[in-house]
Amino acid sequence: MTNHIAENLLSVHAQIKQCAVQAGRDPNNIELLAVSKTKPVSDIVLAYEAGHRSFGENYVQEGVDKIAELKHLTDISWHFIGPLQSNKSRLVAENFDWMHSVDRYKIAKRLHEQRPHYAKPLNICIQINIDEEETKAGILPHELMPLLSDCEKLDRVCIRGLMAIPKASKVKSEQMTSFKKVQALFATCQQKYPQFDTLSIGMSGDIPAAIECGSTIVRVGTAIFGARD
Ligand SMILES: *Cc1c(COP(=O)(O)O)cnc(C)c1O
């Protein structure tokens, strides 16, 4: 049986490379995060066998179960990318390498307190509600600098940058409008925090727009693993 996941990974990598070149960027500065939420562990193993090493999960318990089952694959980097209730923060602090969706001080502080001493600081991104939508997670753009100041003393988390999910649109120019806002906000942050190196934007339907707007991590599920139920 052919491994469609391996083929899909190749074509997404090719797309990333092509978009990077078109945007005058180095493709090596764009990481592909394979979003495996709702997909079986066997799919993750197929991607792993094809050489892929970083996976994103949205639901805490599902993610923790998969991490436990694949404990023997010690070079996987696990990214939590979904909404997080504070009473589940310990599971993220203890099991994941990255957390993309920090949206309040309380979560950052709990992750800092709960990160095990034997592990490296947890890499985190602040999620921005870039189009200020009622239904979307993330902080509003004007709340960002105060939150970053509050987080400066939290040394068990390492703030790497920003994450955003734009208003749904299939039109590239509209996707760009959203992404440009988060790119500008990221540039502002970097003036105060030059160590910020991560802009987590772009999913299966908006990879070209995200790369044109400076994405350093694209989070891709459907284009790798197929449609979810
Ligand atoms: C599901 C999800 C993705 C992947 O979306 P696709 O459209 O399947 O590529 C990326 N980021 C987040 C936060 C998600 O929840």
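We count residues from 1, following the sequence as given. Just follow the structure's listing: the first ligand is 1, and inside any ligand the first atom is 1.
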### Query
Closest approach of Ala164 and Arg219, non-hydrogen atoms and distance?
O-NH2, 3.5 Å
### Query
Which residue owns the protein heavy atom closest to atom 10 (C) of ligand 1, what's the atom, and how far is it?
Met203 SD, 3.2 Å
### Message
One residue to check: Asn58. Relative to ligand 1, which of side chain, backbone, both or neither has a non-hydrogen atom less than 4.0 Å away?
### Response
side chain
### Top protein contact for atom 12 (C) of ligand 1, by heavy-atom distance
Ile81 CD1, 3.6 Å
### Message
Just to check, does Arg228 reach to within less than 4.0 Å of ligand 1 when the distance is taken from its heavy atoms?
### Response
yes
### Task
Without swapping roles, check the side chain of Asp131 against the backbone of Glu133 for a donor-acceptor pair under 3.5 Å.
no
### Minimum-distance pair of heavy atoms, taken over all atoms of Ser149 and Tyr193
N-OH, 3.7 Å
### Task
Report yes or no: does Glu174 contribute a side-chain atom to a donor-acceptor pair with the main-chain N or O of Val171 at less than 3.5 Å?
no
### Task
May I ask you to check whether Gly221 has an N/O atom sitting below 3.5 Å from an N/O atom of ligand 1?
yes
### Summary
Note: ligand 1 atoms sitting under 4.0 Å from heavy atoms of Val220 are 9 (O)
### Task
Pull out every atom of ligand 1 sitting under 4.0 Å from any heavy atom of Ile165, numbered as shown with elements.
13 (C)
### Task
Considering the heavy atoms of Thr222, write down every atom of ligand 1 situated less than 4.0 Å from one of them.
6 (P), 7 (O), 8 (O), 9 (O)
#### Entry: Lys37 contact mode with ligand 1 (heavy-atom cut-off under 4.0 Å)
side chain
### Query
So, the side chain of Ser77 versus the backbone of Arg53: is there a donor-acceptor pair under 3.5 Å, distance only?
no
### Proximal ligand 1 atoms for Arg219, defined as those under 4.0 Å from one of its heavy atoms
4 (C), 9 (O), 10 (C), 11 (N), 12 (C), 13 (C)
### Message
So which atom in Pro141 and which in Asn129 form the shortest heavy-atom distance, rounded to 0.1 Å?
### Response
CD-O, 3.9 Å
### Task
Can you label the angle between the Phe96 ring and the Phe80 ring as parallel, tilted or perpendicular, going by 30° and 60°?
perpendicular
## Note on the structure
re atom 9 (O) of ligand 1, the protein heavy-atom contact at minimum distance is Ser204 OG, 2.5 Å
#### Entry: Mutual orientation of the aromatic rings belonging to His79 and Trp98 [parallel < 30°, tilted 30-60°, perpendicular > 60°]
parallel
